[in-house]
Amino acid sequence: TRDYRPFAEKALANLFGFPSFRDGQAEVVNAILNGQDTLAVMPTGAGKSVCYQLPATRPGTFTLVVTPLRALMRDQVQHLAAHGIPAAAVDSGVDAEERRAIYETARAGGLRLLYVAPERLVSREFQDFAHSLAIDLLVVDEAHCVLQWGNDFRPEYAAIGGFAASLTPRPVVAAFTATATPDQRDEIAANLGLKNRFIIVTDFDRPNIHFRVVNATPAARLAQIAAWAAARPDECGIVYCATRKRTEQMADALAARGLAATHFHAGMDDARKAEVQDGFLAGRITVICATTAFGMGVDKPDVRWVINDSVPGSLEEYYQEAGRAGRDGKPAVAVLMWSKGDFLLLRKRADEEAGSALADPADRERARIAAKRRVNAISRYCEAERCLRAMLLDYFGQNAPESCGDCSVCDGEDPEALAEAAPAKRRRP
Ligand code: ADP
Ligand code: MG
């Protein structure tokens, strides 16, 4: 093996204008350049894309990226084009003629990266294309979608391993995810058939985020969140709500306090969604009240607080959403509001919905059990009597000190009311 890191760092600066690598990036790039299959578990916002985009820029190579996030594909393609790197995306919005043109360009060596949704891999037309050229690197983004009993299981992901094995020459396979417990890492690696593999897990701690849990009824939450936001009118924040209707109610309550708050959910048309996202990025809108539809690919560094108005179905999901706070490394707060009623609802949903798409009753049962286990984990977090950060890091398989000295449990904050106090200044050293 060779050490490509110094070379890669120069390329990083030249191609993307970043002065240095972040935690884990150099190691992943180096492993890929050395031809090793790689599984990188790095938190949201850590910069996973660059880890494969950099190796993908090598002249004469072709990289195929599988990702379930359609909106992100187009963003990435534009971003790459802006840096002079030819890339394309094939999603359901691309018609047959355009597809043929894209495949032709790729075969002629005119594309460094092609982004596709997982469904594409099973199409005959695509398979013919994939076997008509050499794929040097196969990237599996959001690789946790391969986990059969996971939250985000995608049946098409189960076919990726076989797809990779069918290619000649076999590409280097690089998988990325923000969430995988130690067991899940092995399952992902086995499922994708990673060989001679390099697995890297970077630090999951977000030391600048102050975690809080607050037990309050849904009615009390509305008032508490409005008061909280009104006490910090210059800060940007996100309130995650369970339903579309609730996002609207919440935004109304905040607007009534004079805040530049807007709702966001999947029922809005694309133009309006873009308008809200742009307004938030530009700072014209300071608080977004959103369903989980908001956030994927929205990279706003100065979100000072994220409040979950109800409990998500898993800690994985929660950590993703909370993690949108404080990407700039400055102090930020993540609050999870809960009541026993939330758990009842989540358990009921796990019972009724988990695995409903699976044909085999035994599989459905396993999916149900897995979903309930996830609900149990997040309910333990809500009712925690020990350090919240330690619980989160434990859950993701990382060792952590027993108490962080900077969460609502360690600090002995009121577990039943969201204090309106001005933003906390005290921070861990
Ligand atoms: P992830 O997929 O891990 O959630 P992304 O790949 O979307 O993260 O990157 C998050 C942000 O970090 C992007 O805006 C990206 O441009 C930025 N970024 C990535 N690597 C670096 C770096 N080495 N230095 C500065 N910014 C970086
Ligand atoms: Mg990503």
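Order of listing sets the numbers, starting from 1, for every ligand and every atom in it. What you see below is based on every heavy atom in this structure, not just the backbone, and it leaves out hydrogens, waters and symmetry mates.
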Taking only heavy atoms of S49 into account, list the atoms of ligand 1 that are under 4.0 Å away from them. 2 (O), 5 (P), 6 (O), 7 (O)

Could you list the atoms of ligand 1 found under 4.0 angstrom from a heavy atom of S20? 22 (C), 23 (N), 24 (N)

What are the atoms of ligand 1, with element, lying closer than 4.0 Å to any heavy atom of P43? 3 (O)

Residue pair E316 / H144, side-chain donor-acceptor N/O under 3.5 Å: no

Should we count CG of D128 as having more than 12 external heavy atoms under 6.0 Å? yes

Going by heavy-atom distance to atom 18 (N) of ligand 1, choose the closest among F21, Y52, F176, F18. F18

If the cut-off is 4.0 Å to any non-hydrogen atom of G47, which atoms of ligand 1 fall inside it? 1 (P), 3 (O), 5 (P), 6 (O), 8 (O), 9 (O), 19 (C)

Does the ring center of W338 lie less than 6.0 Å from the ring center of Y381? no

When you compare the side chain of I378 with that of S314, does any pair of heavy atoms fall below 4.5 Å? no

May I ask which of Q76, E9, R22, Q25 has a heavy atom nearer to atom 20 (N) of ligand 1 than the others do? Q25

Distance check, rounded to the nearest 0.5 Å: M268 atom CE versus F294 atom CZ? 9.5 Å

Applying a heavy-atom cut-off of 4.0 Å, say which part of A178 lies close to ligand 1: side chain, backbone, both or neither. neither

Side chain R221, main chain V214, donor-acceptor under 3.5 Å: no

Shortest protein contact, atom 14 (O) of ligand 1 (heavy atom only): D299 OD2, 2.6 Å

Do K330 and D302 touch side chain to side chain, with heavy atoms closer than 4.5 Å? no

With only distance considered, is R327 within less than 3.5 Å of ligand 1 through an N or O on each side? no

Give me the residue, atom name and distance of the protein heavy atom closest to atom 4 (O) of ligand 1. G45 N, 2.6 Å

